[in-house]
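Data first, discussion second: the structure below is written as structure tokens.
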Protein chains: 2
Amino acid sequence: MTAARTVRARSAGRPTLEEVAARAGVGRGTVSRVINGSPRVSEETRAAVEAAVAELGYVPNRAARALAANRTDAIALVVPEPEARFFAEPYFSDIVRGVGAALADTEMQLLLTLVGGDRERRRLAQYLASHRVDGVLLVSVHADDPLPELLEQLGIPVVISGRRSEDEPLASVDSDNFEGARAAVAHLVAGGRRTIATITGPLDVYGARRRLDGYRAALADAGLDELAAHADFTEEGGRRAMAELLARAPGLDAVFAASDVMASGARQVLRDHGRRIPEDTALIGFDDSSIARHMDPPLTSVRQPIEEMGRAMAELLLAEISATTPTRPSLVLPTELVVRASS
Amino acid sequence: MTAARTVRARSAGRPTLEEVAARAGVGRGTVSRVINGSPRVSEETRAAVEAAVAELGYVPNRAARALAANRTDAIALVVPEPEARFFAEPYFSDIVRGVGAALADTEMQLLLTLVGGDRERRRLAQYLASHRVDGVLLVSVHADDPLPELLEQLGIPVVISGRRSEDEPLASVDSDNFEGARAAVAHLVAGGRRTIATITGPLDVYGARRRLDGYRAALADAGLDELAAHADFTEEGGRRAMAELLARAPGLDAVFAASDVMASGARQVLRDHGRRIPEDTALIGFDDSSIARHMDPPLTSVRQPIEEMGRAMAELLLAEISATTPTRPSLVLPTELVVRASS
DNA sequence: TACTACTGTGGGAGCGCTCCCAGCCGTGAT
DNA sequence: ATCACGGCTGGGAGCGCTCCCACAGTAGTA
């Protein structure tokens, strides 16, 4: 196969616009117009060009197009690598799936960019700035991250996943954390639970705050008292928080954990204390990850429409890219309570 | 000078090679040589150019480079979308992580390409062929998939994950399925189990066959008899196979499932039959996914070094790309038995 | 009839690089 | 002093497209 590779090295004889034009008996400009779907081409000419394209198996050269048109037809999905939480189920693959679905009928390419430490993060801004992408999808953005604003200043369309505050200035797609938490706790109340605790995520994360707010709202509706322990979305944190809650309120009969992973940690502690789930203590998580489905008993959990969020992010970004003036829309998608045996 | 800098940072005014050359008082060719690390540049000149690059914040234009040099500095990770198995834990995110790590110190970009049905698959060959990528990583390739051979013929370097047969002609990275299975079953034997069943994956998948071979080898070593039921890597398949095994051999005291998901299905059936794990029946899975860690009891499982496989795939591909003649190496990475409470 | 509008069309002028070929200089050998 | 031969260097010639201007042809208007 050495021969083939050699051929590849010198541009493999792939047809160019020029050759298509010659074949169709028209000029370069006309072929370009047909390729790009311009309406200012007569029907016969269009047909002739399309025939030539098909005969020669012509595919436009992206690099040439990018250079001439000053756009790349590519967007970047920027993933913070150290962020273990994002890489865990179900986020990453579902987001990618959704983005891919939205891009499937498009000419857009998806560039995956993993950013590690600060050094790479610095390079990234420069990298993205030099017009290598038409837009950027940012997931798992922290409140104090300068990157989104930097990109905005550079005029690069950005869509982020998850708002960072109530009035997010950037285009964003979020799930309804408040309502998801409220529904979960309301379900516990409806099940006759009266001492309902929560294990929160880190409260500098807006989504974690909203889940706490939802918990509080449901308790207020039922006239019940709040019982919260703070953790950090990890299993170990869930264990510690659960132990703390049991010490503070041995009579609790339900726990709403702001993530499945924390719920898993809580379950271990409940077991160690000889508490049956759901008989003695009901347990609900958040994320509806595979952990929830395979936990024993299967965990009731709040499902976020991650794949749809990915799709929506991509669609918003495409809209922002083609818009003449940025609109920065904020989309909030509904969550869904998936009831299983744990509650 | 903040204003001036802001202006420069704007997309329209990004510095070009030419401007760097003017600034450094040298010619375009010389700047190009410095940028590309050519040794044929004097020290003073190099320093002058590097200073100019730093001052202007110059970043090469990828499109222009790709057009002129006829290479894209990008590789594609092709993911078969319908393949639910691949998208499930732990594969996808770990592979991406590994690939990303290998590419981190490189100028290579990672293009993520999700392919759906046959129609898209057809487009894909054309797409990849038209010189948009320097190489392709193919995951989850079926034995009868024409794509890898197609790409090879087009002279595009390819690395696949998982061999399709004993003598895989393409460059590939695989894990040692045989040895992983053998170690798992040997561990059961060492634990005193005497009637050890297996639930296999689909046997047209080479990896699934190798796991069965490893199971057989361990049994042969111990002088025990084989007891196999075939399934398809799904939970439901695991349930059916387990039920079949219990009917055929009620006295079995251990099960080796060729995937965690199937082990999860098997566990449900074992429970339904009132069998305790591991007291009555030991259970071992394969993949060491999050399912294994969160199963009750936690599942002993064979860990594949997925992230390292991703890294190795990328490294092999980079080597193939820069090699003058393809070497098509086959790499097999070791697996590891992670012993938990289920065995 | 002469003029102004279109609609289609061809092709020049780049986009920002790499490649490569001359040409410059200094050095060592003759 | 002459020649040959390297190491460095400058810059022309593209890479394959898009953009845009000019212009032919046709049709509508006074």
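So that the names make sense, note that chain A is the first sequence line, chain B the second, and so on, each numbered from 1. Computed from heavy atoms alone, side chains included, the values below leave out hydrogens, waters and symmetry copies.
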* Asked: What residues form a side-chain contact (heavy atoms from CB on, under 4.5 Å) with B:Ala64, not counting sequence neighbours?
  -> A:Leu67, B:Asn61

* Asked: In whole Å, what is the span from the CD atom of B:Glu19 to the C1' atom of C:dC17?
  -> 13 Å

* To do: Please tell me which of A:Gly25 and B:Thr16 maps to the more 5' nucleotide of DNA chain C, matching each residue to the nucleotide holding its nearest heavy atom.
  => A:Gly25

* Asked: Quick one, which residues of residues 42-58 of chain A touch DNA chain D with a heavy atom under 4.0 Å?
  -> A:Tyr58

* To do: Would you please name every residue forming a side-chain hydrogen bond (donor to acceptor under 3.5 Å, both in side chains) with B:Thr16, sequence neighbours left out?
  => none

* Asked: Taking the nucleotide of DNA chain D with the closest heavy atom to each, which residue, A:Glu18 or B:Thr30, is nearer the 5' end?
  -> B:Thr30

* Between the first and last five pairs of the helix from C:dT1-D:dA30 to C:dT30-D:dA1, the angle of the axes, rounded to 10 degrees -> 50°

* **Residues in side-chain hydrogen bond (donor to acceptor under 3.5 Å, both in side chains) contact with B:Ser330, at least two apart in sequence or another chain** => B:Ser172

* **nucleotides 19-24 of chain D: protein proximity per nucleotide (B base, S sugar-phosphate only, - neither; heavy atom, under 4.0 Å)** => -B----

* State plainly whether the residues B:Asp174 and B:Arg163 are in salt-bridge range, i.e. N to O under 4.0 Å. => yes

* Who passes salt bridge (Lys or Arg N to Asp or Glu O under 4.0 Å) against A:Glu315, sequence neighbours left out? -> none

* Grab the CZ-P distance between B:Arg62 and D:dC17 for me, whole Å please. => 20 Å

* To do: Let me know the distance between CZ of A:Arg14 and P of D:dC15, rounded to the nearest Å.
  => 17 Å

* Taking only residues two or more places apart in sequence or in another chain, which ones pass side-chain hydrogen bond (donor to acceptor under 3.5 Å, both in side chains) with B:Glu168? -> B:Arg164

* Quick one: which residue pairs count as a salt bridge (Lys or Arg N to Asp or Glu O under 4.0 Å) with a foot in residues 28-45 of chain A, not counting sequence neighbours? => A:Glu43-A:Arg46

* To do: With sequence neighbours left out, write down each residue that passes side-chain hydrogen bond (donor to acceptor under 3.5 Å, both in side chains) with A:Thr113, or none if nothing qualifies.
  => none

* Within this structure, what is the CG-to-P distance between A:Asn70 and D:dC17, rounded to whole angstrom? -> 17 Å

* Structure fact -> From the list A:Val136, A:Val133, A:Leu124, side-chain contact (heavy atoms from CB on, under 4.5 Å) with A:Leu151 holds only for A:Val136

* Structure fact -> Whole-Å distance, B:Asp73 CG to D:dC15 C1', equals 15 Å

* Asked: Nearest-Å distance, CG (B:Leu67) to P (C:dG16)?
  -> 12 Å

* Asked: If you find the nucleotide of DNA chain D closest to A:Ala64 and the one closest to B:Val41, which residue's nucleotide is nearer the 5' end?
  -> B:Val41

Show each protein N/O and nucleotides 5-7 of chain D N/O combination with a separation under 3.5 Å, one pair to a line.
none

* **Note: B:Arg328-B:Glu320 ion pair, threshold 4.0 Å (strictly below)** => no

* Asked: Would you say A:Asn36's side chain and A:Ser32's backbone share a donor-acceptor pair under 3.5 angstrom?
  -> yes

* Rounded distance in Å - CZ (A:Arg65) to C1' (C:dG16) -> 18 Å

* To do: May I have the distance from A:Leu17 (atom CG) to D:dG16 (atom P), rounded to whole angstrom?
  => 10 Å

* Asked: Can you tell me if A:Asp73 uses its side chain to pair, donor with acceptor, with the backbone of A:Glu107 under 3.5 Å?
  -> no

* To do: Can you tell me which residue pairs pass the salt bridge (Lys or Arg N to Asp or Glu O under 4.0 Å) test with a partner in residues 52-67 of chain A, sequence neighbours excluded?
  => A:Arg23-A:Glu55

* Main-chain N/O of B:Leu333 paired with B:Ser175 side-chain donor or acceptor, under 3.5 Å -> no

